[in-house]
Amino acid sequence: MKRVLRVPLIVSAIVPFLFAAAWAQPDAPQGDSKAADKAGARPGKQRAKARGRLPAFYGQVIDGEQREKIYAIQKEYEPKITALKAELQAMQDKLDAECNSVLTDTQREKVKSLADAAKEKRKNAAGARASASATAASSSGDAKSEAAADAKPAADAKPGK
């Protein structure tokens with residue numbers, strides 16, 4: 001079932017800020033310590049809590065003072081954005097309920113079965129993609145070695161003699 005979003009102008013004006021926050025890139029750690037950072041096992045540089053995420057490409061051009069100012073701005077807006085997201089979700093739920101009330105019981109059952117079928121199809125497609133990428137990763141090494149083996153006899157043959 002397609003969702004139609006009707007949002008007051010004030011809420012729709014905030015949506016770009018929500019997308020900007022979603023697209024923001026974190027400041028990448030230096031060196032090979034990415035796995036240690038994810039596990040929280042980086043000795044000597046553990047943070048008490050996450051400070052925020054910088055917008056895309058900011059990490060390459062700002063200094064430490066600017067970074068802290070941006071984190072402070074983000075901290076100021078975070079509760080407002082969270083409240084607006086909750087309000088938006090409540091509106092979406094109300095919209096869905098009103099649209100659902102227009103349908104008959106038979107239509108509601110049909111919509112539910114179609115939605116369940118689509119959900120199952122997405123689940124199966126995701127599983128197929130995961131297994132295909134795992135298979136491709138394991139067989140790509142074999143394909144490279146076969147291609148190298150095929151290329152060697154062609155290089156040994158000397159044309160014209």
Side-chain angles (χ1 to χ4, degrees), residues 1-102 111-112 114-148 151:
M1 177 167 146
K2 271 192 168 178
R3 290 182 157 184
V4 178
L5 186 61
R6 296 181 186 147
V7 181
L9 182 60
I10 220 164
V11 174
S12 64
I14 301 301
V15 170
F17 293 108
L18 299 175
F19 283 108
W23 287 328
Q25 303 253 339
D27 189 27
Q30 298 292 325
D32 292 331
S33 61
K34 289 181 183 179
D37 283 344
K38 287 181 182 177
R42 190 173 182 188
K45 290 202 173 190
Q46 292 181 351
R47 293 184 185 157
K49 63 178 183 174
R51 293 171 27 190
R53 294 177 62 130
L54 293 174
F57 310 112
Y58 276 44
Q60 299 174 11
V61 297
I62 63 172
D63 61 22
E65 186 178 322
Q66 291 171 316
R67 179 182 307 269
E68 295 304 319
K69 287 180 182 178
I70 290 171
Y71 289 154
I73 293 167
Q74 289 174 337
K75 188 175 182 180
E76 177 185 337
Y77 278 90
E78 181 183 6
K80 296 173 186 175
I81 291 172
T82 301
L84 286 172
K85 284 181 180 179
E87 183 180 347
L88 184 62
Q89 184 61 50
M91 283 185 199
Q92 187 66 55
D93 292 343
K94 185 175 179 181
L95 172 76
D96 291 344
E98 287 183 31
C99 290
N100 196 25
S101 69
V102 173
V111 167
K112 184 177 179 346
L114 290 170
D116 290 344
K119 184 177 180 180
E120 186 67 28
K121 184 176 179 181
R122 283 191 306 271
K123 181 181 173 184
N124 291 339
R129 281 193 307 268
S131 65
S133 64
T135 304
S138 66
S139 66
S140 65
D142 296 339
K144 287 179 185 177
S145 62
E146 288 175 15

For this session: Mind listing the closest non-hydrogen atom pair of Gly52 and Gln74 along with its distance?
Result: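 Looking at all heavy atoms of both residues, the shortest contact is CA-OE1, 3.8 Å.
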
For this session: For residues Ser131 and Ala128, report the shortest heavy-atom separation together with the two atoms involved.
Result: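 Smallest interatomic distance, heavy atoms only, reads OG-O, 3.1 Å.
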
For this session: Would you mind telling me which of Met91, Gln92, Glu98 makes a side-chain contact (heavy atoms from CB on, under 4.5 Å) with Lys94?
Result: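 The single option meeting the side-chain contact (heavy atoms from CB on, under 4.5 Å) with Lys94 is Glu98.
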
So how far is it from [X] [atom1] to [Y] [atom2], rounded to the nearest 0.5 Å?
X	Y	atom1	atom2	result
Gln66	Tyr71	CD	OH	12.5 Å
Leu88	Leu95	CG	CG	10.5 Å
Arg53	Ile70	CZ	CD1	14.0 Å

For this session: Mind jotting down which residue pairs meet the side-chain hydrogen bond (donor to acceptor under 3.5 Å, both in side chains) criterion with at least one end in residues 115-125? Sequence neighbours excluded, please.
Result: Lys112-Asp116

For this session: With sequence neighbours excluded, tell me which residues meet side-chain hydrogen bond (donor to acceptor under 3.5 Å, both in side chains) with Asp63.
Result: none

